[in-house]
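Data block below; observations after.
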Amino acid sequence: MASIITGDSVGLGLSCSATRKLYQTRNHSSSRLSFCSIKMVVSVEEEKKKKSFILKKSEEAFNAAKEMMPGGVNSPVRAFKSVGGQPIVFDSVKGSHMKDIDGNDYIDHVGSWGPAVIGHADDEVLAALAETMKKGTSFGAPCLLENVLAEMVIKAVSKHRYGSWCCNPRAPDSPGVPRAATYETLTAPYNDIAPMENLFEINEGEICAVILEPVVGNAGFIPPKPEFLNALSKIIKEINVLIFDEVMTGFRLSYGGGHEYFCITPDLPTLGKIIGGGLPVGASGGRREIMEMVVPAGPMYQAATLSGDPLAMTAGIHALKRLQEPGSYEYLDKITSELVQGIIDAGKKTGHAICGGYIRGMFGFFFTEGPVYNFADAKKSDKPGTY
Ligand SMILES: Cc1ncc(COP(=O)(O)O)c(C=O)c1O
């Protein structure tokens, strides 16, 4: 049996380059970047007058880290390898602001890659965490808060599903993954119906599952063409399992994630980021007969020492409560549309080919005229250093 991955699983480069430009609101020392996209956030010239931007302590800390951790980081995009430049070591965050260890302030448009959708270090979340912490930080045994968050997530994603806290999905394009495993995985370009139909035709009866991001976030921001989702729903009806990787889109496109937004119900959604409210957590959920395959209900092994710990559950519960408040997604829509439009206007004004888009709390832009429907289109963007 094979499974299909559709959605251009490689290539954080574009979202990173965008991110780096946004992080570097006050970085005057980088000669490789112009700042067309961030002029609307803060005037670089004005900032230049105020103080010079120094990353000395960040540089020292990163050099020391390189001696101890692979590439100096615990998650690869933090090393800025695909965009170049000096990684920044941060000291504190609050709301929409970040401070690095050299004392520089930043307006953050990254939001810890998603989890900080209600703002960093939210007072209510911190107070709830402080209360929970008094009872201890991990039990190595079930805690009641797991039920509370599980119920909220299940209600949000679908009434007839249930879930399980987990961690560490593996990428099929990484050394260490046996060829036998990748051999069982077929890939098709996102938003392209014919290649996907072809794969189903050639491998008739052999494909067990299709996995994709409802909106591709790992190659920038690429929403699905409605006809692509329709074709996908038709092809996979009945015998195949549809998995939506909603780690990015979950609770961001809408409270019910991508599948609520696009009105398509996957058999299995995977979640992370926002459901931990800034603390590390991941979850998978789905139809009862699928989830009952997981130990101890079934034979598929999955375990983790700190899964479902009370602090992550507390932060998740309070982040989701905030998102349940009336108007929260309308507000996200409004501020994201202003940001994206500002970036596109600034890019065009300074003579750049640029396109972009957003849905509520998820956005992206490309330095190309577009349209961008898949990773191949995204790669037509100007390379870092030329925009
Ligand atoms: C779409 C998608 N799936 C899965 C993951 C992995 O999630 P985590 O880093 O929380 O393990 C990410 C991380 O960015 C992601 O963007």
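Counting starts at 1 for both ligands and their atoms, in listed order. Keep in mind that the numbers below use all heavy atoms, side chains included, and drop hydrogens, waters and symmetry copies.
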Task: Option with minimal heavy-atom separation from atom 16 (O) of ligand 1, where the choices are Asn218, Ile275, Val247, Val281 - done: Asn218
- [ ] Going by heavy-atom distance to atom 14 (O) of ligand 1, choose the closest among Lys273, Met248, Glu213.
- [x] Lys273
Task: Hydrophobic cluster (4.5 angstrom, side-chain heavy atoms) - remaining members for Ile202 - done: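 Under the 4.5 Å side-chain rule, Ile202 groups with nothing.
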Task: Glu59 side, atom CD; Ile101 side, atom CD1 - distance, nearest 0.5 Å - done: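 Output value for this atom pair is 11.0 Å.
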Open item on the list: For Asp122, give me all partners under salt bridge (Lys or Arg N to Asp or Glu O under 4.0 Å), at least two apart in sequence or on another chain.
Closed with: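 With neighbours one apart ignored, the set is Arg322.
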Open item on the list: Do the side chains of Glu60 and Lys56 get close enough for a salt bridge, i.e. N-O under 4.0 angstrom?
Closed with: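 Yes, Glu60 and Lys56 are salt-bridged.
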- [ ] With heavy atoms under 4.0 Å as the rule, classify the contact between Thr270 and ligand 1 as side chain, backbone, both or neither.
- [x]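 None of Thr270 does.
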